[in-house]
Student: 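One structure follows; several queries about it will come next.
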Protein chains: 2
Amino acid sequence: MNLTGNELLQVFEALANPHRMRIVSSLREGRKYVSELAREVRMSRPLLYMHLHRMEIAGLVSARLELSDDGKAKKYYELTEFELLLTPDAISDAVRTLTDKNAAETSTLEEE
Amino acid sequence: MNLTGNELLQVFEALANPHRMRIVSSLREGRKYVSELAREVRMSRPLLYMHLHRMEIAGLVSARLELSDDGKAKKYYELTEFELLLTPDAISDAVRTLTDKNAAETSTLEEE
DNA sequence: TTCATGTGTAATATATTTATTACACATATA
DNA sequence: TATATGTGTAATAAATATATTACACATGAA
């Protein structure tokens, strides 16, 4: 798994929160839908959404909306299997591809 | 290296910032004193202090105040050699020792 | 004495993250 | 129809993190 500086930063940001660490732990048992997970980690659904979005952007989890037998739509979140070795060297390498701003645009033009 | 949940969280928090990632990268070249490092990473000294403190608490760096030949006191910061494998399992394990608050007190009494 | 170089911190402003509240909409069942 | 269960989001409040400014104090050299 070779991440750019910005990607690695997003992973750190995604993990730098106790709730999100617990979410990782909970999802390790298997995929769960949002309301289900919200009950488990004792969190309001809107708040959980926010946390899941951050984790999704970082690539830690992925989502999939399904229609269950009882007709309810359920959004299942699943854990990404990741494995990265964290060392000063690994971070230094990543820093070389770390841009100042997490600029949204993938523009060809680089600003001063 | 076996960290508790709270310790691991602090490491994530310490790394979840582009400046601090750059500091790790810079210190990998060798120890540096604060003003020197501030010039390298182009940051004001008070701000750098703040970042270094966070990293120090997380155990990523260590400091040592020395008296240099020219009589100036210089505070040298050095990188800790760390190596941790980041996987869902590792995080889950750590979560078991993750307390709700980063409570300062190491009290025997546990609050409800 | 003044200047350039260090350390150290308090007070404050700004920005970002985290959390809550209040909605809208859908399906199945009592 | 009312209730319980889902999804999804906008607006706002509260808490933290980040950044700046302004200090005090010290040493050596010009």
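Below, chain A is the first sequence line, B the second, and so on; all start at residue 1. Atoms considered below: every heavy atom in the structure, side chains included; atoms not considered: hydrogens, waters and symmetry mates.
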Student: Looking at Val95(A), is its backbone amide N or carbonyl O close enough to the side chain of Ser25(B) to form a donor-acceptor pair, meaning the two atoms are under 3.5 Å apart?
Tutor: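 No.
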
Student: Could you pull out every donor-acceptor pair under 3.5 Å between side chains of residues 74-84 of chain B and any protein atom, sequence neighbours left out?
Tutor:
unit_1, atom_1, unit_2, atom_2, d
Tyr77(B), OH, Glu56(B), OE1, 3.2
Thr80(B), OG1, Gly59(B), O, 2.9
Thr80(B), OG1, Leu60(B), O, 3.2

Student: Could you run down the sub-3.5 Å N/O contacts of the protein with nucleotides 25-29 of chain C?
Tutor:
unit_1, atom_1, unit_2, atom_2, d
dT27(C), O2, Lys72(A), NZ, 3.4

Student: Residues in salt bridge (charged side-chain N to carboxylate O under 4.0 Å, His left out) with Arg28(A), at least two apart?
Tutor: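 Partners of Arg28(A) under the salt bridge (charged side-chain N to carboxylate O under 4.0 Å, His left out) test: Asp89(B).
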
Student: How many whole angstroms separate atom OH of Tyr33(A) from atom P of dT7(D)?
Tutor: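 That distance rounds to 7 Å.
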
Student: Using a cut-off of strictly less than 4.0 Å between a heavy atom of the residue and any atom of DNA chain D, enumerate the qualifying residues of residues 40-55 of chain A by number.
Tutor: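 Contacting residues: Arg45(A), Pro46(A), Tyr49(A).
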
Student: Can you list, in residue-number order, the parts of residues 16-25 of chain A that come under 4.0 Å of DNA chain D, counting heavy atoms only?
Tutor: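 None, since no heavy atom is under 4.0 Å.
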
Student: Under the salt bridge (charged side-chain N to carboxylate O under 4.0 Å, His left out) rule, collect the residues that match up with Arg45(B), sequence neighbours excluded.
Tutor: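 With sequence neighbours excluded, Arg45(B) shows a salt bridge (charged side-chain N to carboxylate O under 4.0 Å, His left out) to no residue whatsoever.
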
Student: My understanding is that only residues two or more places apart in sequence, or in another chain, count here; which of them pass side-chain hydrogen bond (donor to acceptor under 3.5 Å, both in side chains) with Asp70(A)?
Tutor: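 Counting only residues at least two positions away or on another chain, Asp70(A) forms a side-chain hydrogen bond (donor to acceptor under 3.5 Å, both in side chains) with Ser68(A).
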
Student: Among residues at least two apart in sequence or on other chains, which ones pass side-chain contact (heavy atoms from CB on, under 4.5 Å) with Ser26(A)?
Tutor: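 In terms of side-chain contact (heavy atoms from CB on, under 4.5 Å), with neighbours along the sequence ignored, Ser26(A) is linked to Lys32(A), Leu37(A), Glu40(A), Val41(A).
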
Student: Output all residues satisfying salt bridge (charged side-chain N to carboxylate O under 4.0 Å, His left out) with Arg54(A), sequence neighbours left out; order by chain, then residue number.
Tutor: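 Residues passing salt bridge (charged side-chain N to carboxylate O under 4.0 Å, His left out) with Arg54(A): none at all.
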
Student: Mind calculating the distance between CZ (Phe12(A)) and P (dT17(C)) to the nearest angstrom?
Tutor: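 Whole-Å distance recorded here is 17 Å.
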
Student: Taking salt bridge (charged side-chain N to carboxylate O under 4.0 Å, His left out) as the test, write out the residues that go with Arg31(A), two or more places apart.
Tutor: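 Salt bridge (charged side-chain N to carboxylate O under 4.0 Å, His left out) check on Arg31(A) returns Glu66(A).
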
Student: Rounded to whole Å, please give me the gap between CD in Glu36(B) and C1' in dT7(C).
Tutor: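 To the nearest whole Å, that distance equals 15 Å.
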
Student: Can you list, by chain and residue number, the hydrophobic cluster partners of Leu65(A) when the side-chain cut-off is 4.5 Å?
Tutor: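 For Leu65(A), no cluster forms, as it stays isolated from other hydrophobic side chains.
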
Student: side-chain contact (heavy atoms from CB on, under 4.5 Å) with Ala16(B): which residues, sequence neighbours excluded?
Tutor: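 Scan of Ala16(B) (side-chain contact (heavy atoms from CB on, under 4.5 Å), adjacent residues dropped) gives Phe12(A), Glu13(A), Ala16(A).
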
